[in-house]
2 protein chains.
Amino acid sequence: MGTQTSIGAAQAAALAGSLRPAVLRLARRLRQMHDESHGLSHTQLGVLGALFRDSPMSIGQLAAWERVQPPSMTRTVTDLANAGLVTRTPGTADRRQAFVTITEAGRTILRADRRRRDAWLAQRLAAINDLDSVEVRQVIKVLEAINR
Amino acid sequence: MGTQTSIGAAQAAALAGSLRPAVLRLARRLRQMHDESHGLSHTQLGVLGALFRDSPMSIGQLAAWERVQPPSMTRTVTDLANAGLVTRTPGTADRRQAFVTITEAGRTILRADRRRRDAWLAQRLAAINDLDSVEVRQVIKVLEAINR
DNA sequence: TATTGTTATACTCTATAACTATA
DNA sequence: TATAGTTATAGAGTATAACAATA
């Protein structure tokens with residue numbers, strides 16, 4: 001698997017033109033699969049996801065991660081806190097900072113939402129003929145390499 | 001390339017859990033690469049892209065493609081028309097319909113935006129060691145199969 | 001003074017409801 | 001009556017500007 005050289009610049013440009021719309025379209029579908037029942041926006045889910053991986057995080061860290069401005073993150077976190085999905089605690093060393101931690105209720109909701117989106121994608125994967133798991137792993141490997 | 005059977009449900013579920021975040025993260029990066037200078041929103045670019053592939057399209061067709069409601073598409077098209085990037089012409093057979101066509105100015109702007117985003121992705125692709133073009137084509141093939 | 005976060009306010013994008021004009 | 005699109009209006013979500021608390 002790919003023991004040769006890297007691909008050339010011209011080839012890369014041509015392939016990018018095909019890869020980009022395929023990724024964007026699939027992402028749009030995945031976004032739309034998000035569970036309406038819990039009433040969480042995409043950004044709120046993104047923040048929960050970040051906190052699931054790494055809690056606590058400050059408002060500023062979360063804003064940088066989601067690429068929104070601090071006032072927007074203040075509001076997002078306030079909404080999540082009102083819903084009981086995160087808690088806000090002032091920093092000890094630097095008391096200007098506000099650290100946000102995901103609650104068990106937040107973890108539960110996030111897991112459910114992920115399960116739902118995974119189910120849709122899994123059903124798609126299983127429905128494709130002439131596709132083996134080695135190929136899918138290959139796809140994941142390439143996408144993760146691009147993301148780095 | 002995938003001459004065996006389809007993958008099983010359990011395998012598909014496990015793979016989906018890895019594939020989903022990889023796709024969403026890459027899509028976020030690609031979205032943020034969009035050129036701010038022309039002042040077009042993501043939906044406006046999506047409409048231009050659809051019309052680039054297939055002009056003319058009716059308001060209803062465009063709304064279904066972008067998965068927004070017709071009133072939203074009316075406004076998006078109005079903005080694009082005011083910017084001179086599309087033209088709106090009434091249908092001949094059914095005069096209720098409004099058909100939208102991309103202009104040459106629209107094509108020019110879209111090409112520039114795509115070039116910019118492709119350049120970023122192409123640079124990423126070219127930078128990955130031990131990756132050949134066959135593998136990237138494989139990735140595109142799988143993503144397009146999922147999208148269908 | 002600089003930084004972290006918040007409050008106040010406005011703008012963009014999208015949605016629903018009601019309407020116009022065709023069919 | 002039904003359909004394609006529009007207009008009117010409201011609701012998210014985000015941004016900038018000004019401010020408070022802390023460093």
Side-chain angles (χ1 to χ4, degrees), chain A residues 24 27-29 31-51 55-83 85-101, chain B residues 24 27-28 31-32 34-51 55-83 85-101:
Chain A
L24 287 174
R28 211 180 308 158
R29 302 284 293 265
R31 249 164 241 269
Q32 287 167 347
M33 289 316 293
H34 92 96
D35 190 350
E36 304 283 337
S37 66
H38 51 50
L40 294 181
S41 73
H42 177 253
T43 299
Q44 288 174 322
L45 285 171
V47 169
L48 278 186
L51 292 171
S55 260
M57 287 175 77
S58 74
I59 297 283
Q61 286 174 317
L62 286 170
W65 171 260
E66 284 294 315
R67 312 222 185 196
V68 296
Q69 294 301 310
S72 303
M73 189 50 66
T74 291
R75 222 188 80 168
T76 298
V77 166
T78 299
D79 293 346
L80 286 172
N82 287 341
L85 306 181
V86 303
T87 57
R88 200 195 308 236
T89 47
T92 48
D94 183 341
R95 295 214 315 276
R96 291 173 304 182
Q97 291 188 307
F99 282 101
V100 185
T101 309
Chain B
L24 288 174
R28 210 180 308 157
R31 247 165 242 270
Q32 287 166 346
H34 94 93
D35 189 350
E36 303 283 337
S37 65
H38 50 50
L40 294 181
S41 73
H42 178 253
T43 299
Q44 288 174 323
L45 285 171
V47 169
L48 277 187
L51 293 171
S55 261
M57 286 175 77
S58 72
I59 297 284
Q61 286 174 317
L62 286 170
W65 172 260
E66 284 295 314
R67 312 219 185 198
V68 297
Q69 295 301 310
S72 303
M73 188 50 66
T74 290
R75 222 189 80 164
T76 298
V77 167
T78 299
D79 292 346
L80 286 172
N82 287 341
L85 306 181
V86 303
T87 57
R88 201 196 307 238
T89 48
T92 49
D94 183 340
R95 295 212 317 272
R96 290 173 305 184
Q97 291 189 306
F99 282 100
V100 186
T101 309

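Both backbone and side-chain heavy atoms feed into the values below; hydrogens, waters and symmetry mates do not. So you know, we letter chains A, B, ... as the sequences are listed, proteins then strands, and number each from 1. If you're wondering where the values come from, they're calculated on a predicted model, not measured in any experiment.
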### Message
Across nucleotides 1-11 of chain C, 5' to 3', mark each nucleotide with B, S or - according to how protein heavy atoms within less than 4.0 Å reach it.
### Response
-BBSSBB----
Which atom of [X] lies closest to which atom of [Y], heavy atoms considered:
X        : Y       : value
B:Leu85  : B:Leu48 : O-CD2, 4.0 Å
B:Gly46  : B:Trp65 : O-NE1, 4.5 Å
A:Thr101 : A:Ser55 : CA-OG, 3.7 Å
A:Thr74  : A:Arg88 : O-NH2, 4.2 Å

### Query
Just wondering, do B:Val100 and B:Gln61 contact through their side chains at under 4.5 Å, heavy atoms?
no
### Task
Please tell me if the side chains of A:Met73 and A:Val47 come closer than 4.5 Å, counting only heavy atoms from C-beta onward.
yes
### Message
Taking any heavy-atom pair under 4.0 Å as a contact, classify A:Ala93: base, sugar-phosphate, or nothing.
### Response
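The answer is sugar-phosphate, as A:Ala93 gets under 4.0 Å only of primed atoms, P, OP1 or OP2.
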### Query
Can you tell me how far the CE atom of B:Met57 sits from the CZ atom of B:Phe99, to the nearest 0.5 Å?
10.0 Å
### Message
Under 4.0 Å from a heavy atom of chain A: give me the 5'-most and 3'-most nucleotides of DNA chain D that qualify.
### Response
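Boundary nucleotides touching chain A, in 5' to 3' order, are D:dG13 to D:dA23.
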### Query
Where each residue is assigned the nucleotide of DNA chain D containing its nearest heavy atom, which of A:Arg95 and A:Asp79 is assigned the position nearer the 5′ end?
A:Asp79
### Query
Please give, in whole Å, the distance from C:dA15 C1' to B:Gln69 CD?
7 Å
### Query
For the pair made of CZ in B:Arg67 and C1' in C:dA15, what is the distance, rounded to whole Å?
17 Å
### Task
Go through the steps to decide whether A:Leu80 and A:Leu51 satisfy the test side-chain contact (heavy atoms from CB on, under 4.5 Å), and finish with yes or no.
CA-CA 12 Å; A:Leu80 286 172; A:Leu51 292 171; 5.5 Å; no
